[in-house]
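Nothing fancy with the numbering, it's 1 onward along the sequence.
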Amino acid sequence: MLFFSFFKTLVDHEVTIELKNDLCITGTLKSVDQFLNIKLDEIRVKDENKYPHLAAVKNVFIRGSVVRYVYLPANAVDTALLEDATRREAANAGNAKR
């Protein structure tokens, strides 16, 4: 749930999604669900010459299982908050095993 909660904080920020088929799509993150499915608006494809059929597409829904990487804007990531949340989740997982 940590990643889901983290991605929800990035709604309306510009992100780049690299898919497992090497396609890179940049756009404004509009929504994300618990399966890490992602909806992007105002998209641009990194290599438009290779994917000319995507030039007319303005928004996409990306299934979470096809995502390889998500590139985030550095100024949108609160690393201290993320580290704290990671520690708390790890501590909760450790306590649940006992």
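No more than 12 heavy atoms of other residues, nucleotides or ligands lie within 6.0 Å of OH in Tyr69, so this atom counts as exposed by the packing criterion. Phe35 CZ: 12 or fewer foreign heavy atoms inside a 6.0 Å radius.
Counting heavy atoms from C-beta on, the side chains of Cys24 and Asp47 never come closer than 4.5 Å. Put simply, the side chain of Leu19 reaches to within 4.5 Å of the side chain of Ile62, judged on heavy atoms. Under the 4.5 Å side-chain criterion, counting only non-hydrogen atoms from C-beta, Phe7 is not in contact with Ile38. Residues Arg44 and Glu14 meet the side-chain proximity criterion, which asks for heavy atoms closer than 4.5 Å.
Distance NZ/Lys46 to OG1/Thr26: 8.5 Å, rounded to 0.5 Å. Atom-to-atom distance recorded for Leu36:CG and Ser65:OG is 10.5 Å, nearest 0.5 angstrom.
Salt-bridge formation is not detected for the pair Glu42/Lys30: no Lys NZ or Arg NE/NH1/NH2 atom is positioned less than 4.0 Å from an Asp or Glu carboxylate oxygen. For Arg68 and Asp22, the salt-bridge test passes: some basic side-chain N is under 4.0 Å from an acidic carboxylate O.
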Problem - Verdict with reasoning, Ile43 to Val57, per side chain to side chain contact (heavy atoms under 4.5 Å, CB included) - result: CA-CA 7 Å; Ile43 68 154; Val57 177; 3.8 Å; yes

Problem - Stepwise side chain to side chain contact (heavy atoms under 4.5 Å, CB included) check, Leu23 with Leu54 - result: CA-CA 11 Å; Leu23 174 62; Leu54 292 176; 3.8 Å; yes

Handout entry: Leu40 vs Leu29, side chain to side chain contact (heavy atoms under 4.5 Å, CB included): CA-CA, chis, key distance, verdict
Key = CA-CA 5 Å; Leu40 297 178; Leu29 181 65; 4.2 Å; yes

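Leu10 and Tyr71 end up in different hydrophobic clusters when Ile, Leu, Val, Met, Phe, Trp and Tyr side chains are linked at under 4.5 Å.
Asp41 contributes no side-chain N or O that, together with a main-chain N or O of Thr28, makes up a donor-acceptor pair within less than 3.5 Å. The closest donor-acceptor contact from the side chain of Lys8 to the backbone of Asp33 lies at 3.5 Å or more, if one exists at all.
Nearest heavy-atom pair, Val45 versus Glu48, reported as atom, atom and distance to 0.1 Å: O-CG, 3.5 Å. Annotation for Lys58 and Ala55: closest pair NZ-O, 4.2 Å, computed over non-hydrogen atoms.
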